[in-house]
Amino acid sequence: MKKISRRDFLKVAGTTVAGMLAPDQLFSLKSTDSGQPNVVIILWDAFSAKHLSLYGYPRRTTPHIDAFAEYSTVFHNHYSAGNFTTTGTASMLTGMLPWKHRAINYGGLVKSEFAGSNPYSLLGEDYFRFAFSQNPWPDRLMGQYHQDVDRFLPPSAYSLMQDIQLIEFFKKDRALASIAVEDFLLPAQDSAPAGSSLLGYLYKSRTLNNASKRQTLAYSNNGVPEIMDPGYLIPYLNENVYDGVIFELTNLAARDQPYFAYFHLYSPHYPYRPHNNYRKLFRDDGYHPASKPNHPMASGLEEDFLLGQRILYDRQIAQVDDEFGKLISELDRNGILQSCYLIVTSDHGELFERGFAGHGFQLMYEPVLHIPLLIHAPGQIKHKDIFTPTSNIDILPTILSVAGKAPAQNMDGKVLPGFGGQVDEARPIFSMVAVDNPVFSPIKKAVISMRKHALKLIAYLGYNEMAQPFELYDLESDPEELNNLASKDTKTLSAMKDELFASLDEANQPFIKK
Amino acid sequence: MKLGKWFDGRLPNRQSILGVFAVSVFLVYSWTLFTSFYKLPSWMFYLTIGQILSVYAYAFSVDLLESILALAGVLLLDLTLFLALRNMEEFQSRSILVVLGALISSVLRFIHFPGYGDIEKFLSGELIWWAIALPLGLVVAVVASKNKWVRKILDAVAERAVVFLYIYLPLSLVSLAVVIIRNIY
């Protein structure tokens, strides 16, 4: 007798439960009875648009996303407002720029007065609201409004470590308990020792031993991607996680209520450990990205090392793309795809150039800020391109707009073109990293990027080690950001600096002590 | 009744137990406070004073639990492994050395293998580490506590450590209340 796999079980269980609950709705093409549309966000952590074949990457990394794009709206110049998870995700969820919401430090939180600006609270009880982040930092952000989340899975859900759910003991204080317990007292791994000497040791030992054993059992040879930040070590198999997404969406679709679901999926985030099936992909394919000079603040990694990391990352993306392809065909098959707005995006990109690999550092170049955004509307069958620059702070206003809800006050984001918003070519798109700046003070130490038309200004504020604190690029003629125009086009530089500082001064006003 | 009598005859006196608990509390809480100073600068970057105090409330609650467990551990050892020794006079110093040994042993491994790259080393050496550290620690604790001077010093330490109970226990109870309230409302 054939053994039933976990994947088969989840598929059958999901379909059965959904079918039992609401057979009529399951294959319905309409949004919901109330007319309010279902909204689903699939977010891949650290997914740079620069590595998608959809956006012109020479390697064919994403054939399934390319196929999905054929009946979706594709945003070609979409930016994250931050270059690491906390800032990027908080910007998307609040619809605000980082200098306002202030989740600017690693693992930080949104300023309490703005915590209510999020899709969960603003969509309200009309919606069934679902949250799942494999990355603990967005989980922490959503913990700030846990009371408005109807189903809130822990980061370990659908992983190989489902027994480790420490945070589940502190459901009502999820955000702070995560900092106290998971970051400080009982971290599974961290550069600083655990705050709890004996229990911390026991917890670390148990977690690492379990993780190690289960990785070995799951794949024979280093095939399991891991969650490692911050203080976590949760191995997971992408196929299990995507089965989980299908299972959850099938159950949500069976409800007699519109739903909002946010899946923050960890891959292709570092560590890049694609399945063995991908180990030969892109090997010796002759692709050599443009060579770029080392950045003065970068760690000076060798070019060969960066090429090696890039190829691993691209393989990880290819694996994610395959899983996405299976997900889309399953959602298409059971009618869910036609009954929801499916938003596919990332929180920030990833960078392998100028002597640096990764994200979250003071580098604000295109690979780390330019993120994918594809939106499939219910019943959409035609492809649409949007080339005007947009920001991930526009996601929340767009969701509220399509759901017929009023936008929250103080939001910086605008409804996206193609979904009721206007094309505004003159609008500046800001991104920033301010990890060295306290959240309670005016922004004085940060790197801020401003994209306007085809021009991009990068300003290094408070970093004295930067001999040239401003960089200016024309992305149309110089997409690789190799030709700094700051000293050549001083007039444009001056105008863009004025605009940037005027916006920054305004944002800093509430933090200036009178 | 019979079980109570059995314990009465075997448990050390309350003063000694209190002394061991006081030293455990002192060691456990000191370590937490020490490690919190690594984190405090970053917390001050993004947490309010109230939030930082709440993090400490979690820390002190966990420390209270940890200290109680440490005491329970040494009492269990005394009722089992050390039962044959039957020397109540040495209980306090012996138990303090056991707690100290366990704590130092854990901390040493934290310090040696802190990061992601050390995971394999942490796991591979674990069995050998504890196979040596545990028996060695127990032997050292038993042998050292036979020495009059060691006993005298550790008893004096325990006597003085009791003062920390007056600070940490009320603080921990308040902390526990804070954690409970935060997780109810």
Side-chain angles (χ1 to χ4, degrees), chain A residues 86 102-112 147 169-181 183-202 204-205 207-209 211-213 226 228-229 231-233 270-271 434-441, chain B residues 24 27-39 42-48 50-52 54-59 61-63 65-67 69-70 73 99 102-111 113-120 122-124 126 130 178-179 181-185:
Chain A
T86 297
R102 293 284 167 154
I104 54 175
N105 299 104
Y106 300 127
L109 300 170
V110 168
K111 204 164 178 260
S112 55
Q147 70 282 356
F169 292 108
F170 308 102
K171 279 182 181 168
K172 293 199 170 175
D173 194 21
R174 197 165 177 135
L176 203 70
S178 160
I179 294 169
V181 178
D183 270 12
F184 173 45
L185 292 166
L186 307 171
Q189 58 85 26
D190 197 0
S191 53
S196 165
S197 48
L198 299 172
L199 291 177
Y201 183 87
L202 292 173
K204 175 174 176 158
S205 173
T207 306
L208 297 191
N209 272 299
S212 178
K213 274 180 209 157
E226 298 161 322
M228 54 165 285
D229 278 328
Y232 264 68
L233 188 85
Y270 181 86
V435 287
D436 297 321
N437 201 97
V439 300
F440 312 105
S441 311
Chain B
S24 304
L27 293 172
V28 165
Y29 283 63
S30 300
W31 174 253
T32 300
L33 286 172
F34 171 69
T35 50
S36 75
F37 296 139
Y38 282 94
K39 298 277 185 183
S42 76
W43 290 341
M44 287 170 72
F45 257 49
Y46 70 93
L47 296 179
T48 61
Q51 287 171 324
I52 292 173
S54 300
V55 170
Y56 276 104
Y58 275 97
S61 304
V62 169
D63 283 350
L65 175 69
E66 193 167 303
S67 306
L69 288 175
V99 173
L103 202 131
I104 288 173
S105 200
S106 301
V107 164
L108 277 178
R109 282 185 62 75
F110 274 139
I111 291 169
F113 309 110
Y116 173 70
D118 301 310
I119 289 171
E120 289 308 318
F122 178 89
L123 292 174
S124 62
E126 191 169 40
W130 287 108
V178 168
V179 169
I181 288 166
R182 287 187 70 93
N183 283 282
I184 288 175
Y185 300 106

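In what follows, chains carry the letters A, B, and so on, assigned in the order in which the sequence lines appear, proteins first and then strands, with residues in each chain numbered from 1. Just so we're clear, the structure is a prediction, and the values are computed from it rather than from any experiment.
- Put simply, the residue from A:I104, A:V439, A:T86, A:V435 that forms a side chain to side chain contact (heavy atoms under 4.5 Å, CB included) with B:Y46 is A:V439.
- Both the backbone and the side chain of A:A177 come within contact range of chain B, each with at least one heavy atom under 4.5 Å from a heavy atom of that chain.
- Heavy-atom neighbours of B:Y38 OH from other residues, nucleotides or ligands within 6.0 Å: at or below the threshold of 12.
- Taking the centre of each ring, A:F170 and B:Y58 come in below the 6.0 Å mark.
- With chain B as the partner, the residue from A:S196, A:A175, A:S112 showing the most heavy-atom pairs under 4.5 Å is A:S196.
- Using a 4.5 Å cut-off between heavy atoms, B:T48 touches chain A through backbone and side chain atoms alike.
- Considering every non-hydrogen atom in both B:T32 and A:G195, the closest pair reads OG1-O, 2.8 Å.
- For A:K111, no part lies under 4.5 angstrom from a heavy atom of chain B.
- Looking at B:K39, its side chain does come within 3.5 Å of a backbone N or O of A:D183 through a donor-acceptor pair.
- Considering CD of B:E126 and CG of A:L208, their distance stands at 8.0 Å, rounded to 0.5 Å.
- A:L176 approaches B:R182 most closely through the heavy-atom pair CD2-NH2, 3.4 Å.
- Heavy atoms closer than 4.5 Å to chain B are found in the side chain of A:L185, but not in its backbone.
- Per-residue heavy-atom pair counts under 4.5 Å with chain A were compared for B:L33, B:L27, B:T35, and the maximum is reached by B:T35.
- With a threshold of 4.5 angstrom between heavy atoms, A:N209 approaches chain B through its backbone and through its side chain.
- One finds the OH atom of B:Y29 at 11.5 Å from the OG atom of A:S197 (value rounded to the nearest 0.5 Å).
- Residue with the most contacts toward chain B among A:L202, A:L109, A:L199, A:I179: A:L199 (heavy-atom pairs, distance under 4.5 Å).
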